[in-house]
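Working notes, structure below.
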Amino acid sequence: MTDIAEGRDLVVGIDPTGTGELALAWAVDEADRRKVRLRLVTAVPFPHDTRHVDDGPHQDALRQAGKDALEKAAEWADARHPDVELTLDLMAGAPAPVLCKSSRHARMVVLGSRHLSRVQEVLDGGSVVLPVTARAQCPVVVVGDAEHVTQEPAYLIVGVDGSEPSKAAIDLALREASLRGCALRAISVWPAPAFSFADDSTARHAQRRMLSEAVAGWSEQFPDVALTHEVTIGHPVEALAEAAEHALALVVGRRGSGGYTGMRLGSVVHGLLHRAHCPVITTPTAPR
(Lines give C-alpha, C1' and ligand atoms only; values in the text may rest on other atoms or scores of the structure.)
Protein backbone atom coordinates (compact mmCIF):
# COMPACT_ATOMS: atom_id res chain seq x y z
CA MET A 1 0.00 0.00 0.00
CA THR A 2 1.22 3.50 -0.88
CA ASP A 3 0.42 6.15 1.67
CA ILE A 4 -1.35 9.30 0.49
CA ALA A 5 0.78 12.36 -0.22
CA GLU A 6 3.93 10.30 -0.34
CA GLY A 7 7.00 12.37 0.42
CA ARG A 8 5.13 15.12 2.25
CA ASP A 9 5.64 16.16 5.86
CA LEU A 10 3.15 15.56 8.63
CA VAL A 11 2.32 18.95 10.20
CA VAL A 12 1.29 19.51 13.81
CA GLY A 13 0.15 22.85 15.19
CA ILE A 14 1.88 23.78 18.45
CA ASP A 15 -0.11 25.97 20.83
CA PRO A 16 2.18 28.41 22.73
CA THR A 17 -0.18 28.18 25.73
CA GLY A 18 1.21 24.72 26.39
CA THR A 19 -1.92 22.67 25.63
CA GLY A 20 -2.06 19.98 22.98
CA GLU A 21 0.18 17.18 24.27
CA LEU A 22 -2.31 14.58 23.02
CA ALA A 23 -2.08 15.98 19.50
CA LEU A 24 1.71 16.09 19.62
CA ALA A 25 1.84 12.49 20.86
CA TRP A 26 -0.50 11.36 18.07
CA ALA A 27 1.53 13.25 15.48
CA VAL A 28 4.94 11.96 16.51
CA ASP A 29 3.60 8.40 16.77
CA GLU A 30 2.21 8.71 13.23
CA ALA A 31 5.42 10.20 11.88
CA ASP A 32 7.28 7.24 13.33
CA ARG A 33 4.74 4.78 11.92
CA ARG A 34 4.92 6.33 8.44
CA LYS A 35 8.68 7.05 8.54
CA VAL A 36 8.16 10.68 7.51
CA ARG A 37 9.35 14.03 8.79
CA LEU A 38 7.29 15.83 11.43
CA ARG A 39 6.93 19.58 11.04
CA LEU A 40 6.11 21.54 14.20
CA VAL A 41 4.40 24.85 13.40
CA THR A 42 3.64 27.79 15.68
CA ALA A 43 2.11 31.02 14.43
CA VAL A 44 2.76 34.45 15.96
CA PRO A 45 -0.08 36.88 15.13
CA PHE A 46 0.73 40.23 13.55
CA PRO A 47 0.39 43.31 15.81
CA HIS A 48 -3.13 44.66 15.81
CA ASP A 49 -1.98 48.25 15.45
CA THR A 50 1.56 49.02 14.34
CA ARG A 51 1.16 52.72 15.23
CA HIS A 52 1.69 51.93 18.91
CA VAL A 53 5.29 52.25 20.04
CA ASP A 54 4.98 49.31 22.43
CA ASP A 55 4.11 46.82 19.68
CA GLY A 56 7.76 45.92 19.22
CA PRO A 57 8.41 44.56 22.73
CA HIS A 58 5.02 42.84 22.76
CA GLN A 59 5.75 41.16 19.46
CA ASP A 60 9.18 40.11 20.67
CA ALA A 61 7.56 38.49 23.70
CA LEU A 62 5.10 36.63 21.49
CA ARG A 63 7.89 35.38 19.26
CA GLN A 64 9.91 34.24 22.25
CA ALA A 65 6.90 32.40 23.66
CA GLY A 66 6.38 30.72 20.31
CA LYS A 67 10.04 29.75 20.06
CA ASP A 68 10.01 28.35 23.60
CA ALA A 69 6.87 26.32 22.83
CA LEU A 70 8.44 24.85 19.69
CA GLU A 71 11.65 23.92 21.45
CA LYS A 72 9.77 22.32 24.34
CA ALA A 73 7.56 20.37 21.93
CA ALA A 74 10.60 19.24 19.93
CA GLU A 75 12.34 18.04 23.09
CA TRP A 76 9.24 16.11 24.13
CA ALA A 77 8.78 14.57 20.65
CA ASP A 78 12.44 13.60 20.43
CA ALA A 79 12.23 11.82 23.78
CA ARG A 80 9.18 9.88 22.58
CA HIS A 81 10.57 8.87 19.17
CA PRO A 82 14.27 9.77 18.74
CA ASP A 83 14.34 8.48 15.15
CA VAL A 84 11.68 10.89 13.87
CA GLU A 85 13.13 13.81 11.91
CA LEU A 86 11.80 17.14 13.17
CA THR A 87 11.61 20.60 11.65
CA LEU A 88 10.52 23.69 13.60
CA ASP A 89 8.69 26.60 11.95
CA LEU A 90 7.91 29.84 13.76
CA MET A 91 5.66 31.70 11.32
CA ALA A 92 4.09 35.15 11.32
CA GLY A 93 0.33 35.42 11.04
CA ALA A 94 -2.90 34.19 12.58
CA PRO A 95 -2.75 30.47 13.41
CA ALA A 96 -5.64 29.30 11.22
CA PRO A 97 -4.46 30.91 7.94
CA VAL A 98 -0.87 29.82 8.63
CA LEU A 99 -1.91 26.20 9.12
CA CYS A 100 -4.23 26.28 6.11
CA LYS A 101 -1.31 27.50 4.01
CA SER A 102 0.88 24.74 5.45
CA SER A 103 -1.73 22.17 4.41
CA ARG A 104 -0.98 22.79 0.72
CA HIS A 105 2.19 20.74 0.98
CA ALA A 106 1.32 18.50 3.93
CA ARG A 107 0.38 14.85 4.21
CA MET A 108 -1.84 15.64 7.19
CA VAL A 109 -2.38 18.51 9.63
CA VAL A 110 -2.76 17.49 13.27
CA LEU A 111 -4.46 19.79 15.77
CA GLY A 112 -5.24 19.61 19.45
CA SER A 113 -8.70 20.48 20.70
CA ARG A 114 -9.20 23.11 23.36
CA HIS A 115 -12.72 21.71 23.90
CA LEU A 116 -14.36 25.07 23.24
CA SER A 117 -18.13 25.20 23.19
CA ARG A 118 -19.80 26.23 19.95
CA VAL A 119 -20.44 29.72 21.33
CA GLN A 120 -16.81 30.03 22.43
CA GLU A 121 -15.65 28.99 18.97
CA VAL A 122 -17.65 31.82 17.41
CA LEU A 123 -16.42 34.41 19.93
CA ASP A 124 -12.80 33.24 20.14
CA GLY A 125 -10.75 34.90 17.42
CA GLY A 126 -7.98 32.40 18.04
CA SER A 127 -10.13 29.36 17.27
CA VAL A 128 -8.17 27.11 14.92
CA VAL A 129 -9.94 23.75 14.67
CA LEU A 130 -13.03 24.79 12.71
CA PRO A 131 -11.43 27.07 10.08
CA VAL A 132 -8.52 24.69 9.44
CA THR A 133 -10.79 21.64 9.26
CA ALA A 134 -13.06 23.48 6.83
CA ARG A 135 -10.39 24.87 4.50
CA ALA A 136 -7.32 22.65 4.65
CA GLN A 137 -6.20 21.05 1.40
CA CYS A 138 -5.20 17.77 3.08
CA PRO A 139 -6.75 15.56 5.76
CA VAL A 140 -6.99 17.15 9.21
CA VAL A 141 -6.79 15.19 12.46
CA VAL A 142 -8.33 16.76 15.56
CA VAL A 143 -7.10 15.01 18.69
CA GLY A 144 -9.35 15.86 21.61
CA ASP A 145 -9.10 12.41 23.16
CA ALA A 146 -6.58 9.60 22.82
CA GLU A 147 -7.13 6.72 20.42
CA HIS A 148 -8.32 3.56 22.16
CA VAL A 149 -5.41 1.20 21.58
CA THR A 150 -6.52 -1.37 24.18
CA GLN A 151 -9.64 -2.40 22.26
CA GLU A 152 -9.33 -5.89 20.74
CA PRO A 153 -9.59 -6.18 17.86
CA ALA A 154 -8.60 -2.59 17.10
CA TYR A 155 -10.75 -0.78 14.54
CA LEU A 156 -11.44 2.50 12.78
CA ILE A 157 -14.87 3.92 12.00
CA VAL A 158 -15.79 5.66 8.74
CA GLY A 159 -19.04 7.52 8.23
CA VAL A 160 -20.71 6.92 4.85
CA ASP A 161 -23.60 8.87 3.32
CA GLY A 162 -23.12 8.16 -0.39
CA SER A 163 -21.64 11.58 -1.18
CA GLU A 164 -18.34 12.23 -2.94
CA PRO A 165 -16.68 13.38 0.31
CA SER A 166 -17.73 10.16 2.04
CA LYS A 167 -16.18 8.16 -0.82
CA ALA A 168 -12.93 10.00 -0.18
CA ALA A 169 -13.36 9.16 3.52
CA ILE A 170 -13.68 5.44 2.70
CA ASP A 171 -10.50 5.59 0.63
CA LEU A 172 -8.58 7.35 3.40
CA ALA A 173 -10.01 5.13 6.13
CA LEU A 174 -8.96 1.96 4.30
CA ARG A 175 -5.44 3.30 3.84
CA GLU A 176 -5.27 4.19 7.52
CA ALA A 177 -6.62 0.78 8.56
CA SER A 178 -4.10 -0.98 6.33
CA LEU A 179 -1.29 1.12 7.79
CA ARG A 180 -2.35 0.22 11.34
CA GLY A 181 -3.23 -3.41 10.66
CA CYS A 182 -6.70 -2.92 12.11
CA ALA A 183 -10.30 -3.52 11.06
CA LEU A 184 -12.60 -0.91 9.51
CA ARG A 185 -16.30 -0.48 10.25
CA ALA A 186 -18.22 1.52 7.61
CA ILE A 187 -21.36 2.99 9.15
CA SER A 188 -24.28 4.74 7.55
CA VAL A 189 -26.85 6.41 9.78
CA TRP A 190 -30.50 6.57 8.86
CA PRO A 191 -32.10 9.50 10.70
CA ALA A 192 -35.61 8.04 10.92
CA PRO A 193 -38.19 10.88 10.79
CA ALA A 194 -40.55 11.28 13.73
CA PHE A 195 -43.52 11.37 11.33
CA SER A 196 -43.45 9.79 7.91
CA PHE A 197 -46.02 8.51 5.45
CA ALA A 198 -43.34 6.57 3.57
CA ASP A 199 -42.63 2.88 4.03
CA ASP A 200 -39.83 2.76 6.62
CA SER A 201 -38.70 -0.69 5.51
CA THR A 202 -38.25 0.59 1.95
CA ALA A 203 -36.21 3.55 3.17
CA ARG A 204 -34.00 1.35 5.32
CA HIS A 205 -33.48 -1.06 2.44
CA ALA A 206 -32.43 1.86 0.22
CA GLN A 207 -29.97 2.98 2.93
CA ARG A 208 -28.47 -0.50 3.13
CA ARG A 209 -28.20 -0.68 -0.66
CA MET A 210 -26.44 2.70 -0.77
CA LEU A 211 -23.92 1.55 1.84
CA SER A 212 -23.29 -1.76 0.08
CA GLU A 213 -22.67 0.03 -3.20
CA ALA A 214 -20.41 2.59 -1.51
CA VAL A 215 -18.09 -0.07 -0.10
CA ALA A 216 -18.30 -2.48 -3.04
CA GLY A 217 -14.93 -3.34 -4.57
CA TRP A 218 -12.81 -1.88 -1.79
CA SER A 219 -11.99 -5.24 -0.22
CA GLU A 220 -10.21 -6.29 -3.41
CA GLN A 221 -8.01 -3.19 -3.21
CA PHE A 222 -7.26 -3.66 0.50
CA PRO A 223 -7.37 -7.42 1.13
CA ASP A 224 -5.50 -7.00 4.42
CA VAL A 225 -8.32 -4.93 5.97
CA ALA A 226 -11.30 -6.63 7.60
CA LEU A 227 -14.08 -4.37 6.28
CA THR A 228 -17.61 -4.57 7.66
CA HIS A 229 -20.57 -2.28 7.05
CA GLU A 230 -23.73 -1.55 8.98
CA VAL A 231 -26.73 0.77 8.99
CA THR A 232 -27.81 2.29 12.28
CA ILE A 233 -30.83 4.41 13.13
CA GLY A 234 -30.62 7.73 14.94
CA HIS A 235 -28.99 11.12 14.76
CA PRO A 236 -25.76 10.91 12.70
CA VAL A 237 -23.63 12.74 15.28
CA GLU A 238 -24.78 10.66 18.23
CA ALA A 239 -24.75 7.36 16.33
CA LEU A 240 -21.27 7.80 14.88
CA ALA A 241 -19.84 9.10 18.14
CA GLU A 242 -21.29 6.12 20.01
CA ALA A 243 -19.95 3.68 17.40
CA ALA A 244 -16.49 5.25 17.73
CA GLU A 245 -16.47 5.15 21.54
CA HIS A 246 -13.67 2.55 21.55
CA ALA A 247 -12.18 3.23 18.10
CA LEU A 248 -8.67 4.24 17.15
CA ALA A 249 -10.19 7.13 15.18
CA LEU A 250 -13.29 8.26 13.30
CA VAL A 251 -12.96 9.23 9.63
CA VAL A 252 -15.50 11.45 7.88
CA GLY A 253 -15.64 13.35 4.61
CA ARG A 254 -15.93 17.12 4.54
CA ARG A 255 -18.93 18.97 3.10
CA GLY A 256 -21.00 15.91 2.30
CA SER A 257 -24.20 16.14 0.32
CA GLY A 258 -26.83 13.97 1.94
CA GLY A 259 -26.92 13.26 5.63
CA TYR A 260 -23.83 15.30 6.47
CA THR A 261 -24.82 18.76 5.26
CA GLY A 262 -25.79 21.81 7.23
CA MET A 263 -23.13 24.47 7.56
CA ARG A 264 -20.04 25.15 5.49
CA LEU A 265 -18.04 22.61 7.44
CA GLY A 266 -20.97 20.21 7.64
CA SER A 267 -23.26 19.89 10.65
CA VAL A 268 -22.27 16.29 11.37
CA VAL A 269 -18.53 16.95 11.08
CA HIS A 270 -18.94 20.01 13.30
CA GLY A 271 -20.91 18.00 15.84
CA LEU A 272 -18.43 15.13 15.88
CA LEU A 273 -15.54 17.48 16.66
CA HIS A 274 -17.38 18.20 19.92
CA ARG A 275 -18.94 14.84 20.63
CA ALA A 276 -16.52 12.10 19.56
CA HIS A 277 -14.21 10.65 22.23
CA CYS A 278 -11.43 9.65 19.85
CA PRO A 279 -9.36 11.44 17.20
CA VAL A 280 -11.51 12.71 14.31
CA ILE A 281 -9.98 12.63 10.83
CA THR A 282 -11.67 14.74 8.16
CA THR A 283 -10.73 14.70 4.51
CA PRO A 284 -11.57 16.92 1.55
CA THR A 285 -13.09 15.29 -1.52
CA ALA A 286 -9.70 14.68 -3.13
CA PRO A 287 -7.02 14.38 -0.42
CA ARG A 288 -3.50 14.85 -1.74
Side-chain angles (χ1 to χ4, degrees), residues 1-6 10 12 20-36 38 77 80-81 83-84 107-113 138-160 166-189 211-212 214-232 234 236-253 268-269 272-283 287:
M1 183 211 68
T2 301
D3 193 14
I4 62 169
E6 187 173 3
L10 194 154
V12 57
E21 280 193 357
L22 279 177
L24 179 57
W26 195 96
V28 71
D29 287 351
E30 285 305 304
D32 180 67
R33 190 197 314 272
R34 300 164 191 268
K35 307 306 177 189
V36 299
L38 179 62
R80 189 175 180 93
H81 286 293
D83 293 334
V84 171
R107 173 182 307 256
M108 277 183 168
V109 171
V110 183
L111 304 173
S113 173
C138 68
V140 175
V141 187
V142 177
V143 186
D145 289 276
E147 55 186 17
H148 302 282
V149 295
T150 59
Q151 182 71 21
E152 292 291 343
Y155 63 90
L156 293 172
I157 296 288
V158 60
V160 181
S166 79
K167 293 176 184 177
I170 296 171
D171 185 12
L172 177 61
L174 281 159
R175 295 175 186 274
E176 293 299 313
S178 180
L179 183 68
R180 289 166 171 74
C182 71
L184 176 63
R185 293 170 56 193
I187 296 180
S188 179
V189 183
L211 180 56
S212 295
V215 300
W218 286 106
S219 293
E220 287 76 10
Q221 297 184 48
F222 296 88
D224 58 325
V225 177
L227 173 62
T228 60
H229 54 91
E230 57 196 273
V231 172
T232 61
V237 171
E238 295 302 319
L240 287 172
E242 183 178 353
E245 193 75 25
H246 301 289
L248 294 177
L250 169 62
V251 184
V252 285
V268 168
V269 174
L272 287 170
L273 292 175
H274 291 274
R275 175 69 177 78
H277 294 292
C278 68
V280 177
I281 306 174
T282 62
T283 180

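From a predicted model like this one, the values you see are computed outputs, not experimental measurements.
H229 and S212 make their closest contact through CE1-OG, 3.6 Å (heavy atoms, listed as atom of the first residue, atom of the second, distance). The minimum heavy-atom distance linking A169 with G253 is given by the pair CB-N, 3.4 Å. The minimum heavy-atom distance linking V225 with A177 is given by the pair CG1-CB, 3.8 Å. T283 approaches L172 most closely through the heavy-atom pair CB-CD2, 3.7 Å. For A23 against V143, the heavy-atom pair with the smallest separation is CA-CB, 3.9 Å. The two residues R275 and A241 come nearest to each other via the heavy atoms CG-CB, 3.4 Å.
In this structure, L248 CG and I157 CD1 are separated by 10.0 Å, a value rounded to the nearest 0.5 Å. Summarising the geometry, atom CG belonging to L250 is positioned 11.5 Å from atom CD belonging to E245; distances are rounded to the nearest 0.5 Å. Residue L24 holds its CG atom at 12.5 Å from CG of L111, rounded to the nearest 0.5 Å. Distance check, rounded to the nearest 0.5 Å: CG of L240 to CD of E238 gives 10.0 Å.
Between D171 and R175 there is a salt bridge, since at least one side-chain N of the basic residue sits less than 4.0 Å from a carboxylate O of the acidic one.
When each of V251, I187, L227, I281 is paired with V158, the side chain to side chain contact (heavy atoms under 4.5 Å, CB included) condition holds for V251 and for no other.
Between the S188 side chain and the V160 main chain, a donor and an acceptor come within less than 3.5 Å of each other.
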I'd like a table of donor-acceptor pairs (distance under 3.5 Å, sequence neighbours excluded) in which one partner is a side-chain atom from residues 25-33, with atom names and distances.
from	atom 1	to	atom 2	distance (Å)
W26	NE1	E147	OE1	3.3
D29	OD1	R80	NE	2.8
D29	OD1	H81	NE2	2.8
D29	OD2	R80	NH2	2.9
E30	OE1	R33	NE	3.4
E30	OE1	R34	NE	3.2
E30	OE1	R34	NH2	3.1
E30	OE1	R180	NH2	3.2
E30	OE2	R33	NE	3.0
E30	OE2	R33	NH2	2.8
E30	OE2	R180	NH2	3.0

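With a 6.0 Å radius and a threshold of 12 heavy atoms from other residues, nucleotides or ligands, E242 has its CD atom at or below the threshold.
L273 has its side chain out of reach of S113: every pair of non-hydrogen atoms, C-beta onward, lies at least 4.5 Å apart. Side-chain contact check for V268 versus V252: every heavy-atom pair is 4.5 Å or farther apart.
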